[in-house]
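These notes concern the structure reproduced below.
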Amino acid sequence: MKDIPPRYNPKDYEESIYSKWEKSGFFHQEPDPSKKPFTIVIPPPNVTGILHMGHALNNTLQDILIRWKRMQGFASLWVPGTDHVGIATQNVVERSLKEKGVTRQELGREKFVDEVWKWREQYGNTIIRQLKKLGASCDWERTRFTMDKGLSEAVLEAFVRLYDKGLIYRGNYIINWCPRCQTALSDEEAPHQDVEGKLYYILYPFKEGEGIVVATTRPETMLGDVAVAVNPKDRRYKKLIGKKLILPIMEKEIEIIADDFVDKKFGTGAVKVTPAHDPNDFEMAKRHGLEPLRIMSPDGKMNENAGRFNGMDRFEARKSIVAELEEKKLLIKIEKHDHAVGHCYRCHTVIEPYLSLQWFVKMKPLAEPAIEAVKSGKIKFYPKRWTKVYLNWMENIRDWCVSRQIWWGHRIPVYYCENCAKTGIPKSKVKSQKSKIYAGIIVSKTKPEKCPECNSTNIKQDEDVLDTWFSSWLWPFSTLGWPEKTKDLEYFYPTSVLVTAPEILFFWVARMIMSGIEFKKDIPFSDVYIHGTVRDVTGKKMSKSLGNIIDPLEIIDGFSADALRFSIISITAAGQDVFLSKEKFEIGRNFANKIWNASRFVLMNIGLGRQGSRLEAKDLNIADKWILSRLNRTIEVVTKALKNYGFNEAESLLYDFIWHDFCDWYVEMVKPEIMTQGSGLKAGGTKDVLIHVLEDSLKLLHPFMPFVTEAIWQNMKPLQSESPDSLGGILSPSLVSVAGECIKERESIMVSKWPEPEKRYVNKQVESDIEVVKEAIVNIRNIRSDMNIPYSKKLTVNIAPLKAGIESILSDSMGYIKALAQLENLIIDAKLKKPKSSLSAVTENFNMYIPLEGVIDIDAEKARLSKKQDALKQQLVFTEKKLKDKNFMDHAPESVINAEKEKAEAIKEQIRRMEKTIKDL
RNA sequence: GGGCUUAUAGCGCAGUUGGUUAGCGCGCUUCCUUGACAUGGAAGAGGUCACAGGUUCGAGUCCUGUUAGGCCCACCA
C-alpha cells in the first residue's frame, strides 16, 4: 500500500473515471415517479465554438448542482446541447470557403447549407468533448441541437401560433443593418459602444437668402434628406417653418417642418430629416407624410439615389461630401462629439439604421405575464438585483425583429402566392383565417399545395431565416419534446434552475420566460442564477481579440479538471465578476493533493477491507467526538450554502473543515494512537471515525471535485457489489495488486447518498474544550518558535488553570498536548507558580510556564537576546534621529513620517518584550 | 442621461439578518525534509474596513452625501 503515490496524478484517473461513469448510465435520467425531478437545461454553446472560461465556470456551477441533487436522491436531469448561431456560423463557413476561392452566392443556397452541415459534423462535437473533460454529468443521450428535426418543428409551431394570434407582423421599418453580414439584427444584437465622433455643422441655404445650419454626425446621409425639422416652440425658427431650402449637393428643394421631437438645445436646434436611415427621422417623416428616400444599398455603399456618389462606400462618401461642402463654404464647423453607435455583435462593424421589410414579433403582450411571473415571485433571480434589470428591460420592451437575411437557420414558414401578389387581392376579400393580415401571404408549417385565395400553385417561400434566438427561446421545452406531449415534458417541465451569464439575460433568459408562459402556459424555471463574467487580472473581459484568454483545456492539462473547477468556484463570489490568472489554479491543485494524501494516510494505517462503522459514544475519545461534531455542523452549513447557491461559501467551508480541522488537527491528534495499533481491522473508535469522516468529506466534496473524490472512493473501500467487473482504470495499479482479489467494484461516489447532519454528534461543549487544548498547544509552539527550540527537544510544561473545568479538560487531553507540542512532561495544577528561568504565556484560561533550565543554554540565550536587543536599539536610534532631522520632517510626505513613527513604536515594543524575556530567564 | 455594482493587509477576495480580538488564499519573515502531503508543517509580521456626516448602547455591516473604478441600458441628430 505504500505504493499509493504521494501525488495525485489526475491523468491516471480522469479519463477512465469519466468513461466509466458514462458507461454505467449514471448520467441518464428517465422520468421516475418515485422521485422528485430536478432539471437543468444547459445554456447552449455555439455549435462550432470551443470551451472558454465562461463555459467552464457556467458548467461547473451546473454540474455542482446536478451532482448534489443526484446524491440527494432527485431524478436529476441535465439536458445538454448546442445552438446553431446563424450569423456567426455562416460567417465562419463563408470565410473558410473564401480561402478556397468560393463565395456562398456562387455556391447557391442549398449547397452552402450543405457545407455548413458538413462543418457542424466536423466541429460540432468539440465543445461537447470538452465539457466531458470538465466532468460535466449531462445526459448526453439527450444532446440536442437547435436545428434538429424536433426543435425545428418547435420553431415552426411557435411561429405559426404567434402569427395566428396576431403577434407576428411584417413591415417596413428602420432596423439595425450590418453591412458586412448583410442582414438585419435585433436591438440586442447591435450593442452601443461609445465612439469618438464628430458633429458636422452644415449650412442649408434658403431658395433665396441665408439659410439654416443643421448638425449631423453622419453627413453622408444628407443625400437622403427630405426635410429639416425644428421645434415648433423654438423662437429662432418659428417664422421659418414652411420655408423652402435647397439641399446642398443634391440641389433639391426641401421644406422646414415643425416637430416636438426636436431638442432646441442640441446642435443648432435644427435637424435634417433622413427617414430611410434614422429611426427618429422615420417616425417624424411618417407624422408629416414624407416619403423616405434610400441612398444606400445593403452592402453599405451608396446607391443610385446618391447621384455621383453611387457605388462609393459610406465612409468614403462621408469624406468626399465633407470635402465638397467645405469647398462650397457650406461646412460651418466640425465639433468633437462622443456618442454611442451600434455595432454588430458578431463582426463589430458599425451598424447602419436601415429601412427594410422585415418580420417582427409583437412583444408587449408576451412581456406582460412574464413581468408578472417575476413580480409575484414565481421566478426568482439570484442575486436578487437582476430582478430590477429584468423588469426594466421588460417594461420598455420593443418589438423583436426576427428575420435574418442569411441562409443558415430555420427558414421562415411564410409562403407568398405570386399570383395574388400580381392581381393584388385586397385585404378585405381575404377569406382564410391564416392569412388575415396580408393578402397573398400563407403562414404554414408545411409548404401549401396551392394558394387558399386563388388556388394558384405559384407559391414561393420567404427567403429569410429566423433569428437564432427564435429557436433558443423555446429550449426549455423544445428539448423535452414540445410540441409533442411527451412524458419527459410532463415530468421534467418546468425546469428547476437556469444558470447563466448576465450577457444573455435579454437575449435568452427573458425570452425563455415569455415563450414558456406563452406556449407551455407555465414558467420555464423557478430560479435564475446569474454568475459573473470571467475577466483577466486587469479586469478586461476575456476575449480572443484581446489575446488574454486562459484556455480551460490548458488548465485541465496542467492542473486537472478538479483543480480548474475548485479554483474557479473558490474565487467566484455570488454574482461577482471573476478575475483569473493562471496561478489561481494552484488552490485547487494543492487541495486535491492534500485530500489525496490525507486519504493515503488513512488507507495506509487503517487498511482496506474495513466495513461499516461503529460510532458509539463509548468507543469515542474527545478528539473523535470533536471531529464528528465539526463534521456534522459542516454537513449542515454546506448543504444550506448550496441551497442558497452559495457555491464558494460551501467550498470554503469544506476547505477549512478538511484541511484545517481534519488534516491539521484531527489526523495529527490521532496519529500516535493509530500508529501504535498498526493496520489492524478492529472495529469501533478512532479508526471508524477516520473512515467515516473521510467518506463524508469526499461525498461533500464530490460535486466540486468529482474526479479525485471518485478516485479515492474507489481506492478506499471494498466493495459491496459482487460483480466481477474489472477495476481497470479506476483503482491505481498498485492497489489492485495489493488488494488482490478481495476487492471488487465499488459503487460510484456519484450515486452515493448525500450526508445528512446528525444532531446527536453535534457537541458544542467538546468543541469549546478542544479550543482550550489547541490554545495550550499553540502557546507552547509559540514559545518554541520564539526561543528557537527544535521539536526534537522535549519540554516540560507547567499549566496553572485559572477557571473551573480547565484542569479536567487539559488532563483529559494530555496525550494530545504532549504529542503535538512534543512534551516530556505536562504538569497541570492550579497552585503552580512560575519556576525560575522559565517563560510564561498567559491566557484567560490558564497560566503556562515552560522551565528552560537545561533545555537551552540560558546564558547563551540571554546573550543572544541582548545582542539582538542592541541591534534593535541601534535601529531605534537611527529612526529617532531621522524623526528629529528637520530636513526629513520638512520634506518627507506625511505618510512616510507616520510610517517611521510607527516603526519606532514597534521597535520599542520589541525591546520591551525582550527585556521581559531576559528577566524571566 | 438612467440604472446596477465595487472600494477591507503588498496583491486577489470572504465577511450571512448590525454584536467579543475583522477572516481566507497568494506573497513576505523565521524555523522544520518528524513515517500522508515541501502541491507540506509550525510560528510570525502586515488592516484608521475609500472619504465626510448621520442612526444606534454598539457600524466593515444600516442611512445620506462625496470621490474613484467597472458594467449594463438609452433614438438627442
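Note that the structure is a prediction, hence the values are computed from the model and not measured.
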Between B/C63 and B/U56, how far apart are the C1' atoms? Round to whole Å, please. 12 Å

Apply the side-chain hydrogen bond (donor to acceptor under 3.5 Å, both in side chains) test between A/K272 and each candidate in A/D281, A/D278, A/D225; give the one that qualifies. A/D225

Would A/Y390 and A/W386 count as a close aromatic pair, with their ring centres under 6.0 Å? no

Across the strands shown, which category fits A/F261 at heavy-atom distances under 4.0 angstrom: base, sugar-phosphate, nothing? base

Hey, does A/V389 reach any base, or is it just sugar-phosphate, or nothing, if we go heavy atoms under 4.0 Å? nothing

Taking B/C13 as the reference, what is the distance to B/C71 when you measure between their P atoms (whole Å, please)? 14 Å

Among B/C75, B/A36, B/G40, the nucleotide that comes nearest once only the side chain of A/M604 is considered: B/A36

Contact class for A/K265 (heavy atom, under 4.0 Å): base, sugar-phosphate, or nothing? nothing

Once you apply a heavy-atom cut-off of 4.0 Å, does A/H660 come out as touching a base, just sugar-phosphate, or nothing? sugar-phosphate

Ignoring hydrogens and geometry beyond distance, is the side chain of A/K388 in donor-acceptor contact with the base of B/C4 at under 3.5 Å? no

Can you say whether a donor on the side chain of A/E651 sits under 3.5 Å from an acceptor on the base of B/A14, or the other way round? no

Give a yes or no on whether a salt bridge exists between A/R218 and A/E352, defined as a side-chain N under 4.0 angstrom from a carboxylate O. yes

Side chains of A/D399 and A/Y173: any donor to acceptor distance under 3.5 Å? no

As its Watson-Crick or G-U partner within any shown strand, both distances under 3.5 Å, B/A74 has none

For A/A340, report the nucleic acid contact type (base, sugar-phosphate, nothing); a contact means any heavy atom under 4.0 Å. base

Name the nucleic acid region contacted by A/R589, choosing base, sugar-phosphate or nothing; use a 4.0 angstrom heavy-atom cut-off, strictly under. base

Across the strands shown, which category fits A/V778 at heavy-atom distances under 4.0 angstrom: base, sugar-phosphate, nothing? sugar-phosphate

For nucleotides B/A7 and B/G15, find the distance between their P atoms and express it as a whole number of Å. 9 Å

